[in-house]
Amino acid sequence: MSDKDIKKATRHVNQNEGLIFERSSPGKKGYRLPPLDVPAVDAKKVLGSAAREDLGNMPEVSEMEIIRHFTRISTWNYAIDLGMYPLGSCTMKYNARVNEVVARLGGLADAHPYQPERISQGALRIMKTLSDCLLDITGMDAITLQPAAGAHGEMTGILLIHACLKSRGNPRKKILIPDSAHGTNPATAAICGYAVENLKSNAQGMVDIPSLEAQMNEDVAGLMLTNPNTLGLFERDIAKIADILHKKGGLLYMDGANMNALVGKARPGDFGVDVMHLNLHKTFSTPHGGGGPGSGPVACKKILEPFLPMPLVVQKADGTLGFDYNRPQSVGRVRMFYGNFGMHVRALAYILANGFDGLRQTTEDAVLNANYIRKKLEGDYELPYKGQSMHEVVFSDRIQQHKGVKTGDIAKRLIDYGFHPYTVSFPLVVPGALMIEPTESESMEELNLFIDAMQAIAREVEQDPELVKTAPHSTRVSRLDETAAARKPVLRWKPGAAVSAGE
Amino acid sequence: MSDKDIKKATRHVNQNEGLIFERSSPGKKGYRLPPLDVPAVDAKKVLGSAAREDLGNMPEVSEMEIIRHFTRISTWNYAIDLGMYPLGSCTMKYNARVNEVVARLGGLADAHPYQPERISQGALRIMKTLSDCLLDITGMDAITLQPAAGAHGEMTGILLIHACLKSRGNPRKKILIPDSAHGTNPATAAICGYAVENLKSNAQGMVDIPSLEAQMNEDVAGLMLTNPNTLGLFERDIAKIADILHKKGGLLYMDGANMNALVGKARPGDFGVDVMHLNLHKTFSTPHGGGGPGSGPVACKKILEPFLPMPLVVQKADGTLGFDYNRPQSVGRVRMFYGNFGMHVRALAYILANGFDGLRQTTEDAVLNANYIRKKLEGDYELPYKGQSMHEVVFSDRIQQHKGVKTGDIAKRLIDYGFHPYTVSFPLVVPGALMIEPTESESMEELNLFIDAMQAIAREVEQDPELVKTAPHSTRVSRLDETAAARKPVLRWKPGAAVSAGE
Amino acid sequence: MRYLPKSPADRQQMLREIGCKTIDDLFEPIPAEYRLKRDLNVPRQMAESEVIEFFHQCAATNAARYAVFLGAGAYHHYRPVVIDSLISRGEFFTAYTPYQPEIAQGTLQAIFEFQTMICELTGMEVANASMYDASTGTAEAIMMGVRLTGRNSAVVARTVHPEYREVIKTYTQHQALPIAECGYKEDGRLDLAELEKKITDDTAAVLIQSPNFFGTIEDVAAIADLVHRKGALLVVAISEALSLGAVRPPAEADIVAMESQSFGVPLGFGGPYAGVLATKEKYVRQIPGRLVGETRDRDGKRGFVLTLSTREQHIRREKATSNICTNQALIATMATIYMTIYGREGLKELAHQNLAKATYAAGEFSKKAKVLFGGAPRFNEFVVQTREDSYEINSRLLEKKMIGGFPLRKFYPELGNAALWCCTELNSKEQIDAAVEAVGQ
Amino acid sequence: MRYLPKSPADRQQMLREIGCKTIDDLFEPIPAEYRLKRDLNVPRQMAESEVIEFFHQCAATNAARYAVFLGAGAYHHYRPVVIDSLISRGEFFTAYTPYQPEIAQGTLQAIFEFQTMICELTGMEVANASMYDASTGTAEAIMMGVRLTGRNSAVVARTVHPEYREVIKTYTQHQALPIAECGYKEDGRLDLAELEKKITDDTAAVLIQSPNFFGTIEDVAAIADLVHRKGALLVVAISEALSLGAVRPPAEADIVAMESQSFGVPLGFGGPYAGVLATKEKYVRQIPGRLVGETRDRDGKRGFVLTLSTREQHIRREKATSNICTNQALIATMATIYMTIYGREGLKELAHQNLAKATYAAGEFSKKAKVLFGGAPRFNEFVVQTREDSYEINSRLLEKKMIGGFPLRKFYPELGNAALWCCTELNSKEQIDAAVEAVGQ
Ligand SMILES: Cc1ncc(COP(=O)(O)O)c(C=O)c1O
Ligand SMILES: Cc1ncc(COP(=O)(O)O)c(C=O)c1O
């Protein structure tokens, strides 16, 4: 392995650690309870045959071991806090620390969802303020914060469309979805009882207007469009698209995953979108947490408002805030309680810390960064679609394929260079896609290191493709066998399971 | 490098990071101030020639970069949270998380030291409760929490002795200090105006009673004794030692750095000690923080109480707590305010979480661990003193010296095995010392890995001494040149300073 | 803006290198008429201290340090401080979904441990990496039952959390998947006779909850017997996960849909929480959500990866088992740390403390009011029926800094003035006595 | 005990392998009569929740969210949350002194950055890794002056923090190092004429503070001139580090002894704080405390190590420059993070905000009382003289949740009813107006 070009990372000693069950032994304790101040009960007597005997292989370990266990395994993760995380479509931006602090304030973190409204005014104020901000940001008329993530928001939005069309007499049968769309879009349409009809992109990677015109008819409930789309391109014909739909009685859903390209610069409500979701865990900086939690508020135009999930936060006659459950046309509840409130707190903290000028600057920097990367790498990697990029840029591995190197290999080699890879093989319209979204959180220096690394890998592909195909070489585990994992799934630890040497 | 025996660690990719000044560029900002609500002033007008023009090379960076900078460099550290840290004499034990939480409670963390006593009762209660606990633990009569660390406590203690003897007519000239003592002991005696007289250890590594009898006279103010001493041996003749001193009008100071061997099992106040310090950052689990802060309370017998630093926490006539400044015989103040209060909070939290049974068990486990290591390694490493070990064990590199390998080399090789080294070359009475203190915080599994590693290194010394002499091999920087650093000291960054490749 | 790592000069240089004059050149793809020409109508940029002050003010107008007697799907338990200390490591909370396993083993191993512990506690064979919460989890479990059986309807007990039932209705409304409800008997348990009638040849799944919404523990084995005899699958929802420390796991179920909030997750005004689905090994290919599996690297070293992703939306699109993508990974990690702290003995001891508190409280309440459903065992919740209106009682309690039980009238009008009370290890005897006193006034 | 990673079986096995029957065999070296035969008289083992409750109770009987007008050596400034988030990483706070540099580069680099920033701010050439605080730091600085000059006495300004002066007295009492004090003039500044008289041929060092204890900025250049003419060294103490954002650094000093508490360190009822000494390069071999220096590894890569340790107690024992060992490393790291956050522009802007607040407040106070020492510039503190007793005024303020200025009578009886007030960026105009109002009643 030649490391001469690697400027950003070095190998360093790192602790091994088995599974927590492998540390367990009977009698170790990580807890202590206060003395019981009421009479103890005999569980067998109280519960009868429902009483549980024992808790099987649950671990028994001390606090010190717990700290070490989770600290050690945490060091095996890459994270935003360590460096650039240019996963396209994921908007991995800085997760501000103040967000974490305010989300943990007593009074907010300890609030029971069913505590009376009059002692919940602070929490309601947060939801209301966030709602107001998001409405202006999107240019929409009404909003629900209930959905727990993007896909959940999509479902909510499509249910709104269904309910609205049904109230007009016919919910219709199909949803149009571009081939560049994220997998959650078609999966969502299916859950909502719609058939999915594929909409081809044109040569520029955009919605093909003639096709749309041809496919749009009285069976089509709406179109789920991502804008900018997953190629990072703004759908220039967006007004026309909306028109085509609206003319035939359809509605336009916008997947707002890419709002980081628009906040403060353009508003979906202004360009014809009827309903959309936001990913607070992307655009509004709530942390991804290794896969979640997220939050997927859904904003819509007036015509869809009656159908929003219940309850909604409203200002009551006496000026206090409260929940409105009396929504007869509502599509129903999509989640118990009020959504991922902790994420609402963080997103609002992000908005307040930025203000209108900070939000706009953020968007500008995100777009600037993507275009900078594009400019610097377009000689080294194939750019399948040449339209002007917004917040992300999608290359393909066509050049590198000649040496048998695929996007997934380049991604693994980036790890050796100290970076998290970009999004691999998505969107599907680009065979061998390298989807790069730097976000606004990267400095010019970090971008330059990334560009250097990508260029160095391009050279390696020419000179020593094996090096790239067998990457990563610097990690504590080498390339993991995903095929074997799926063939004979081992989804839990069992006592006596063999451990390989070195753990 | 042969890694076949290394079970505990693996190399993993790790981020490079320059100095923060190397990230700086004009106009980046990591802060924002609230709007000023009073008239702004022209500093030049208000301050005249005292006004400052600019702040030179202070950095200008964003919050994201600050998080990355300090997160990245933190990953270059070893820590208790990552594994065993068997530095002899340092008592690197688990730093409980609840201690950190309570130390940060509003009301405690925000308390101004000069706020009136009546709104400081909680803080005073903490200091009083901790004092009471420490007095029972040490078997002493009075205590000050003012000293900021062990050495500071030593100074306080020796000043008490000075004041007491002076009040009896003659502060005397000398302090006796065993050759095995920590360097702070003689340095402290010197600050207090005493000459240091060396006291030889006997063949067993203990105070040589005949020498003590010979050296003790009317010029000697006292003896500074560490017990268990730095060889990990309990001074069996402690009562006799105290007697010899007391008979000739001297006083016995105990360096309490090794109290982790005694808490709940024996009390210095019971075996003749007149005054001692405790290291809350050792025995009582307050974190070392990469070198501090510490806290070094000094406990003493009644005869020394009048001389304690002022102020002391006392219960007042009305039942409230307060500071007593009216101490005419006091040696004075050793620190502004009341000492490292934040460490008092943490130490008390540790005591409460343990209770009397937990404290005893802790001591027992600490002694058990040291003896286990000793038993397992005494065949591989030379044990210069054979007395029964308490909480730590001291080997020497005599066997390994035959191959030209020194204690410092073995220490560096331990790093490759995933451990922090033991204390190297201390105490000075053992040439080539390996001073190992596991503390109670290590599991049998972690101890076994350590023992394995030490045994593997002993084998490596025989088979491939160069491997050990050039260690560490797994770290992001290889062995650093300490001699060069001292020859031409570079103690600060300067603009334009060269950076080596790879940073 | 203090989060942005660029100086004005950096921006100028980058624009130059791209070949643009102004930043607005980069926004040229957006038709001019849709470019926003004004500032957003959001508050001005605040200092960090101002942001904190804003939320402090909000927190101050919320309840804090009240005695809480609410459960009903969200439980107040002590949260060991180790949890937040660990999940606050940037390596955990600022990582993405572990798509690149070589640099995500921390997240993957933690989730693998989560899956294992959920299996141990529920008596199931496999568990997924988490769902949004138990309400969406139960809906997904029913849909999974439909896929597994090829049948197209379901029966849901009325003693399942009312909001879970609302969510199920929302999820299934356009799937030609009719949901029947089944009532409860005098002892608060599912009416088996009614259930027998409600299950048809088209019933894919029966959903019950245990402890159910009244806190009553169902006879899962008997229900499973009946359901299985009818060829349907049994889905058991668990909203109070801590019950598993004292209550026999629903091992006879086919799918368990559990809410993990009790395991160290803040009440947080209702979220984020973490649902999880667990099932039998043979059903794993129909489970929704992510799964972490064990594998080996090229040198034979153990490692973990996301697996069986052909079930998921990013591969299968409209044919996926679910549309879920982002889940609740960090919350699952919180639960994993919590389960590790208490462990084999602690969860039991803690559950028994809850049992003792609720037993004591129910005993005391029964002196002043009617405690319903005494005929069946319960865990830490119970229903108190009063002559007085539940909301009025609660208003009185509020003045004494107590938050009373959840009024049941909205969802169970047949119970009159009844409220669901919950007592956990955090309810002191003193609090309980004071609440009983106030209710009985 | 939940911190201890051993099962009873582990303990038995280990004892067996050592060859002992019971644990008490291992305590045999302690003579039987000194082995404790009873339980310690400390509280019983508490649950974590009980520990927290105990300290919550304590915190609740302390002031919280009062308006604070106290400075006097401990300053209330806003602490960005990033500081605690970063120093809470176990890699920082659970590491020891960086004796093994290959696995301690994080601590070493942070301290190297600290040393650099202190130099930049103070105008000195080298700085050490920290002292306990500024009170012990000033004492050590004077002792350093003695070593450097071979002279054996010192002069200390009466406008140096009274508690620093007490500590200096304690440290030097047995070192045959007499300390003379030098008074102040009407404008609150050092009396240069008196100083000229007090400096003798045996004066090693003169210690002043700027801004001094009255908040007044000394004319350091003029004082340095005089001191240097007399062949002595000038030590300048700085208790309000933030002043360096607005006030010319004491570049003419030979040694600067600074308290870093203002830089992101909690007030914490007086500690832990972090002192630091900075000086000229030529004096570095007499500086006490640790120093981090740059070096190279075997491959030429930059790295950092503890250096010049031949000054220190573990090498030089009784001949060491000081007995200090453990210092305040983590607090210095806090200060480093704080200085990084505000940086070149922010420290200035923040200092100017402080200046504006104090200027406004002094102006307002002067309408109701006498503000002393108007003749010289000051930073964020000023002295208000009243007819009424300072303690009585403070009692009145306390009822309004305000903590008034520090009464000076104890240390400066000649000033009568005078108190030292401090206004920082955390004192709102509203607070200031309310305090002025209450004082003037
Ligand atoms: C374009 C797009 N749409 C939808 C989603 C789904 O969002 P979530 O993961 O929050 O459910 C994603 C996220 O990965 C996405 O990138
Ligand atoms: C035996 C002994 N005495 C004294 C000290 C000095 O304590 P401190 O570092 O807290 O000043 C130490 C600590 O290293 C020690 O080990």
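Atoms considered below: every heavy atom in the structure, side chains included; atoms not considered: hydrogens, waters and symmetry mates. Below, chains carry the letters A, B, ... as their sequence lines are ordered, and counting in each starts from 1. Predicted model only: the values in this text are computed from it and were never measured.
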May I have the step-by-step check of side chain to side chain donor-acceptor pair (under 3.5 Å) for A/Ser120 and C/Asn62, ending in yes or no?
-> CA-CA 5 Å; A/Ser120 305; C/Asn62 251 34; 4.9 Å; no
Carefully, step by step, assess A/His162 and C/His174 under the rule ring-ring contact (aromatic ring centres under 6.0 Å, His included).
-> CA-CA 9 Å; A/His162 194 291; C/His174 306 309; 3.4 Å; yes
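- Among all heavy-atom pairs drawn from A/Ile415 and C/Glu102, the shortest one is CD1-OE1, 4.3 Å.
- Both the backbone and the side chain of C/Glu166 come within less than 4.5 Å of a heavy atom in chain A.
- Here A/Glu440 does not pair with C/Lys6 in a salt bridge; the nearest charged N to carboxylate O distance is not below 4.0 Å.
- By number of non-hydrogen pairs under 4.5 angstrom with chain A, the leading residue of C/Tyr3, C/Tyr342, C/Phe27 is C/Phe27.
- Ion pair C/Lys357/A/Asp37 flagged as a salt bridge, since at least one NZ, NE, NH1 or NH2 atom sits closer than 4.0 Å to an Asp/Glu carboxylate oxygen.
- Qualifying side chain to side chain contact (heavy atoms under 4.5 Å, CB included) partners for A/Arg52, counting only residues two or more places apart in sequence or in other chains: A/Leu55, C/Leu121, C/Leu244, C/Pro249.
- For chain A, the nearby parts of C/Val42 are the backbone and the side chain; heavy atoms of each come within less than 4.5 Å.
- Between A/Asp81 and C/Arg89 there is no salt bridge, since no side-chain nitrogen of the basic residue lies less than 4.0 Å from a carboxylate oxygen of the acidic one.
- Listed here is the closest heavy atom pair of C/Thr170 and A/Val331: CG2-O, 3.5 Å.
- Using a 4.0 Å cut-off between a side-chain N of Lys or Arg and a carboxylate O of Asp or Glu, A/Arg479 and C/Asp297 do not qualify as a salt bridge.
- Between A/Lys376 and C/Glu17, at least one side-chain N (NZ, or NE/NH1/NH2) sits under 4.0 Å from a carboxylate O, which counts as a salt bridge.
- Ring to ring, C/Phe269 and A/Phe337 are not that close: their centroids are 6.0 angstrom or more apart.
- The side chain to side chain contact (heavy atoms under 4.5 Å, CB included) search around C/Thr326 returns A/Ala149, A/His281, not counting sequence neighbours.
- A distance below 6.0 Å separates the ring centres of A/His152 and C/Tyr132.
- Put simply, the side chain of C/Thr116 never gets that close to the backbone of A/Arg492: no donor and acceptor are under 3.5 Å apart.
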